[in-house]
K.L.:
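Below you will find the structure I want to go over with you.
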Amino acid sequence: MVAPTHLKSLQALELAIRKGSLKAAAETLAITPAAAGQRVKALADYLGIELLVRGRSGLQAPPELASAMAQLTTAFRALDAAVEQLDLQRGHELHIAAVPDFADLWLAPRLASFRQLHPHVRFCINGDGDVPLRLSPADCEITFGAWRDDERTDLLFHDYMLPISSPSTQRRIGKLKPRVRLEGYPLLHLDFYKDDPKALSWAGWVATHGFKRTAPERGIRFQRIVRAVDAVLANAGLSICGVALLGDSLADGSLMLPFPIATGAWTSHGFQARFGANALARPQVRRFRQWLVQESGATANWLRQMIRAGARR
């Protein structure tokens with residue numbers, strides 16, 4: 001028979017015994033428990049001996065493997081230390097995995113300011129950039145979701161949802177009586193926020209603010225904010241969208257807010273950045289974290305100022 005991949009099989013075995021279960025070993029290896037079990041079984045079949053026994057505290061090595069397991073644990077700790085040291089020697093690379101809309105609409109337009117401060121840092125964002133994608137975990141992962149409170153995660157900002165339109169659409173609906181301004185105009189629906197319990201929908205928004213609109217739940221649905229915004233810019237309809245990522249388009253007038261800002265609502269979910277423990281040992285990652293927090297703070301302040309200004313009108 002063909003020999004198994006010993007290193008992966010030994011790694012699964014050592015983790016299963018040290019952590020007490022194949023499930024815990026699989027979580028560490030980012031594979032399924034079945035896959036971890038197959039790795040151990042392949043090695044057991046190759047050696048012709050039983051490698052795991054079940055004890056009171058979970059999976060254990062049989063007595064005859066005790067000395068070998070101690071050596072395996074020492075060896076894998078040495079390997080982990082070597083991997084960490086090599087990771088620290090990657091120079092000025094910074095690998096980011098981000099929600100694509102955040103990367104395209106918010107991060108990319110601001111990245112030039114970071115590059116001016118730190119011109120030697122090279123980026124790989126969602127697989128593209130100055131350096132090729134590597135297999136190890138990203139240095140920074142930016143997501144949109146419920147707040148995860150730990151020391152390696154920063155809440156960047158919550159979003160504020162409002163109807164948006166193109167300038168020409170705003171002019172056309174502005175000529176109509178307020179209560180019927182949406183009647184006859186296509187409504188675009190954005191599923192990006194669908195898991196947020198406080199996210200606005202057209203049906204809820206129309207009912208809350210007393211507008212007349214037949215079948216407000218109907219219309220084209222979009223997964224990506226970018227795609228919905230492109231459709232709005234093409235005069236295909238109006239969309240309810242978070243405006244945190246749209247500051248530049250609102251500032252230059254390419255996107256408009258056709259209804260009072262007070263008709264909007266905050267999301268309960270937010271954009272957040274989580275950094276790898278090993279990544280934070282590198283100075284360029286710490287600098288990026290500091291810059292990201294500062295820039296996101298500016299966005300949060302802009303949102304609050306916009307809402308306060310809208311409330312005074």
Side-chain angles (χ1 to χ4, degrees), residues 1-99 122-129 131-143 145-146 148 150-153 272-282 284-285:
M1 65 173 286
V2 178
T5 305
H6 297 308
L7 187 60
K8 290 183 177 180
S9 296
L10 289 168
Q11 184 184 36
L13 174 65
E14 192 274 332
L15 282 169
I17 292 172
R18 176 154 53 90
K19 293 180 175 291
S21 74
L22 286 169
K23 181 180 178 181
E27 290 175 353
T28 303
L29 296 171
I31 58 177
T32 65
Q38 288 171 359
R39 291 184 183 183
V40 175
K41 184 178 184 302
L43 184 60
D45 291 345
Y46 181 71
L47 295 175
I49 58 174
E50 191 69 29
L51 296 177
L52 293 174
V53 295
R54 190 167 297 279
R56 292 183 179 179
S57 59
L59 294 178
Q60 299 175 354
E64 59 269 24
L65 288 183
S67 61
M69 293 312 304
Q71 291 177 345
L72 274 181
T73 298
T74 300
F76 278 113
R77 284 176 178 170
L79 278 175
D80 288 341
V83 168
E84 181 177 351
Q85 189 173 36
L86 289 170
D87 194 57
L88 292 174
Q89 294 173 356
R90 284 190 296 107
H92 296 285
E93 294 182 15
L94 214 162
H95 291 251
I96 300 170
V99 174
R122 299 180 297 168
F123 285 89
C124 178
I125 301 174
N126 293 341
D128 296 319
V131 292
L133 179 69
R134 58 182 169 84
L135 296 180
S136 52
D139 302 313
C140 172
E141 183 180 5
I142 301 173
T143 59
R148 179 176 181 172
D150 64 61
E151 62 182 9
R152 292 192 285 115
T153 303
Q272 51 196 299
R274 179 171 172 79
F275 292 84
N278 292 340
L280 287 172
R282 293 158 44 213
Q284 68 269 28
V285 178

K.L.:
Is it the case that the side chain of Gln272 and the backbone of Glu141 share a donor-acceptor pair, with hydrogens and angles ignored and the cut-off at 3.5 Å?
P.N.:
no
K.L.:
What heavy-atom pair brings Leu43 and Ser9 nearest, and what distance separates the two atoms?
P.N.:
CB-CB, 3.8 Å
K.L.:
Considering only heavy atoms from C-beta outward, does the side chain of Leu10 approach that of Glu14 to under 4.5 Å?
P.N.:
no
K.L.:
Can you name the side-chain hydrogen bond (donor to acceptor under 3.5 Å, both in side chains) partners of Arg274, sequence neighbours left out?
P.N.:
Asp150, Thr153
K.L.:
What is the minimum heavy-atom distance between Arg54 and Leu59, and which atoms define it?
P.N.:
NH2-CD2, 3.6 Å
K.L.:
Rounded at 0.5 Å granularity, tell me how far CG in Leu22 sits from CG in Leu52.
P.N.:
6.0 Å
K.L.:
Taking all heavy atoms of Ala25 and all of Leu15, pick out the closest pair and write down the distance.
P.N.:
CB-CB, 3.6 Å
K.L.:
What are the two closest heavy atoms between Ala273 and Ile142, and how far apart are they?
P.N.:
CB-CG1, 4.0 Å
K.L.:
Locate the shortest heavy-atom distance separating Glu93 from Asp139; write the atom from each residue and the value.
P.N.:
O-OD2, 4.0 Å
K.L.:
Between NZ of Lys8 and CD of Gln38, what distance do you get to the nearest 0.5 Å?
P.N.:
12.5 Å
K.L.:
Restricting to side chain to side chain contact (heavy atoms under 4.5 Å, CB included), what partner residues turn up for Ala70, sequence neighbours left out?
P.N.:
none
K.L.:
How close do Ala36 and Ala26 get, counting heavy atoms only, and between which atoms?
P.N.:
CB-CB, 4.2 Å
K.L.:
Is it the case that the side chain of Glu50 and the backbone of Pro62 share a donor-acceptor pair, with hydrogens and angles ignored and the cut-off at 3.5 Å?
P.N.:
no
K.L.:
Would you find a donor on one side and an acceptor on the other, under 3.5 Å apart, between the side chain of Arg39 and the backbone of Gln11?
P.N.:
no
